[in-house]
Amino acid sequence: MKRLAALRDKNEKLVLGLLSGTSADGVDAGLVRVRGHGLETGVEILAFATTPFPERHREAIVGLGTADAETLCRYNFVLGDLFSDAAEALIASVGLPRERLDLIGSHGQTVWHIPQHGPERGATMQIGEADVIAERLGTPVVSDFRTRDIAAGGEGAPLSAYVDYLLFRPDTTPRLTLNLGGIANLTVVTPGIDEVYAFDTGPANMAIDETVRIATAGQEHFDRDGVRAGRGRVDENLLRKLLAHPYLQQPPPKTTGREMFGRAFVQPLLRGKGASTTDDLIATLTAFTALSIARAVEEHVLPRARPREVLASGGGVHNPVLMDHLRRALPGFGVRVLDQPDAKEAVLFAVLANETIHGNPNNLPHATGARWPVVLGKVSP
């Protein structure tokens, strides 16, 4: 506990951010130098790597949402070890001794996420035992970031809004940050924190990835460089049906995940594709992602703010077909890809962990729907 107390007095810390996103393809690890806290926060990305899940675990991890209690129990610790492996590999790659690492922020792997509906409180579960990581690395770990926000009446997401404000707040004109992970999430970043809001627009890579996995029997896991989407033709009739999805009509705050846009969403589309090819379906889903984001901007952003810049990050920025669709769907916006776009979410959890250690509330209630600001995360000394 003395070590935790001493961290509050350090103005500069080496913090490791860990997560496995909704695509469940591996562990993202980012080593970040974090200076200060709160509005004085500054970051420098020192190293980043994605460690793919071993093939023997990949399908089980993707299927954890329907797993039995024994499997969940076992994989909580399996994932703790896999996260630890990724962390150890990253710090070894830059020659950093373990004792110099100050803190770890680990999001874990989302198993299931239930947004709040009316008076019924939502629920969420992330696994990847933080105590295993703390024991293996000998470093304090902050984890389980979503649950306190849900306990306070929020959606438990998006968690990006607070950190986006700390790192990307503009002097005058609002800007948008867009992360294209498994799910696409959008933050409207304004000069004042009280006007910042964020929400999940719908799928980004998730539906595309699931289609590729199923169609290739697991031989491929994503549409590398958008090659399949580029070969396929957009099915305009199917695209219109997809754009009528009820989630797109919901007003923020709102969140979604694998439960809505994962395998259960994709399988009927694969069965019903008729004479069209799998590449046609992938092309249609790629267009759907871009147009659903554009619709969210038109319906849920422009009535409240007038941003003219989009800062994009996440794996989706490497898909040129998706990015081309997105730029055409957002005329008048400058769409710019962040430096080191894959590291964005690892930085997010490093910064959130630093804020937790300093006792700073690090949710934004007007983004998540929580009743009030709370300090997110649980600490494993």
Side-chain angles (χ1 to χ4, degrees), residues 4 8 17-19 21-22 37-39 41 76 103-131 140-167 169 177 179 181 183 185-190 192-201 247 250-260 300 304 345 347-381:
L4 287 175
R8 295 169 64 98
L18 296 171
L19 73 143
T22 47
H37 62 94
L39 293 177
T41 300
N76 184 35
L103 184 65
I104 297 172
S106 178
H107 175 256
Q109 173 68 60
T110 297
V111 171
W112 205 257
H113 183 75
I114 305 171
Q116 180 168 338
H117 292 289
E120 184 177 351
R121 182 158 58 197
T124 194
M125 177 179 284
Q126 285 73 45
I127 64 174
E129 184 53 58
D131 284 348
V141 180
V142 182
S143 64
D144 223 5
F145 290 94
R146 297 189 187 276
T147 54
R148 185 62 182 269
D149 185 83
I150 288 181
E155 295 261 335
L159 297 177
S160 57
Y162 177 77
V163 177
D164 283 346
Y165 178 73
L166 295 185
L167 301 184
R169 64 187 182 276
T177 60
N179 192 68
I183 294 296
N185 57 69
L186 193 67
T187 303
V188 182
V189 190
T190 56
I193 195 169
D194 290 339
E195 289 78 43
V196 176
Y197 62 102
F199 58 98
D200 292 345
T201 65
Y247 180 80
Q250 295 177 28
K254 60 178 180 175
T255 56
T256 189
R258 181 171 296 279
E259 308 77 27
M260 187 169 290
H300 303 309
R304 298 171 60 177
E345 290 191 296
V347 172
L348 162 67
F349 290 107
V351 173
L352 285 177
N354 185 59
E355 293 297 287
T356 300
I357 290 299
H358 283 278
N360 295 333
N362 43 2
N363 67 330
L364 285 188
H366 38 281
T368 66
R371 290 185 293 271
W372 41 63
V374 294
V375 179
L376 306 176
K378 299 169 184 173
V379 181
S380 297

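For reference, positions follow the sequence shown, starting with 1.
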May I ask you to decide if the ring planes of His300 and Phe199 are parallel, tilted or perpendicular, using 30° and 60° as cut-offs? perpendicular
Heavy-atom side-chain proximity of Val351 to Tyr162 below 4.5 angstrom: no
Thr356 and Phe145: which non-hydrogen atoms are nearest, and at how many Å? OG1-CE2, 4.1 Å
Note, Arg146 side chain near Leu376 side chain (heavy atom, < 4.5 Å): no
Contact check, side chains of Thr177 and Leu167, non-hydrogen atoms, under 4.5 Å: no
To check you understand the geometry: which heavy-atom pair defines the closest contact between Ala198 and Thr187, and what is its length? CB-OG1, 3.5 Å
Let me confirm one number: the CG-CH2 distance from Asn363 to Trp372, rounded to the nearest 0.5 Å. 11.5 Å
Please report the interatomic distance NE2(His107) to CG(Leu159), rounded to the nearest 0.5 Å. 6.0 Å
List the atom of Glu355, the atom of Thr41, and the distance in Å for their closest heavy-atom pair. OE2-OG1, 3.7 Å
Is Arg169 close to Leu39 at the side-chain level, that is, under 4.5 Å between some pair of heavy atoms? yes
From OG (Ser143) to CD1 (Ile104), nearest 0.5 Å: 10.5 Å
Rounded distance [0.5 Å steps], CG in Asn362 versus CZ in Arg148: 10.5 Å
As a test of understanding, state which of Asn185, Val189, Leu352 forms a side chain to side chain contact (heavy atoms under 4.5 Å, CB included) with Ser160. Asn185
Look up atom CD in Glu195 and atom CZ in Arg304, then write down how far apart they are to the nearest 0.5 Å. 9.5 Å
Within the side chain of Asn76, is there an N or O that forms a donor-acceptor pair under 3.5 Å with the backbone of Ile127? no
Distance-minimising heavy-atom pair for Pro373 and Pro365: N-CG, 3.5 Å
Roughly how far, to the nearest 0.5 Å, is CG of Asp149 from CZ of Arg371? 10.0 Å
Only distances under 3.5 Å count here; give the side-chain donor-acceptor pairs of residues 118-126 to other protein atoms, sequence neighbours excluded, each with its distance to 0.1 Å.
residue	atom	partner	partner atom	Å
Thr124	OG1	His113	ND1	2.9
Thr124	OG1	Gln126	NE2	2.8
Gln126	NE2	Thr110	OG1	3.2

Heavy atoms of Val196 and Leu364 approach each other most closely as CG1-CD1, 3.6 Å
Identify, with sequence neighbours excluded, every residue that meets salt bridge (Lys or Arg N to Asp or Glu O under 4.0 Å) alongside Asp164. Lys344
For Trp112, is there any backbone N or O sitting under 3.5 Å from a side-chain donor or acceptor partner on Arg258? no
Side chains of Thr255 and Asp200 only: does a donor on one sit below 3.5 Å from an acceptor on the other? no
Please name the pair of heavy atoms, one in Gly359 and one in Val375, separated by the smallest distance, quoted to 0.1 Å. O-CG2, 3.6 Å
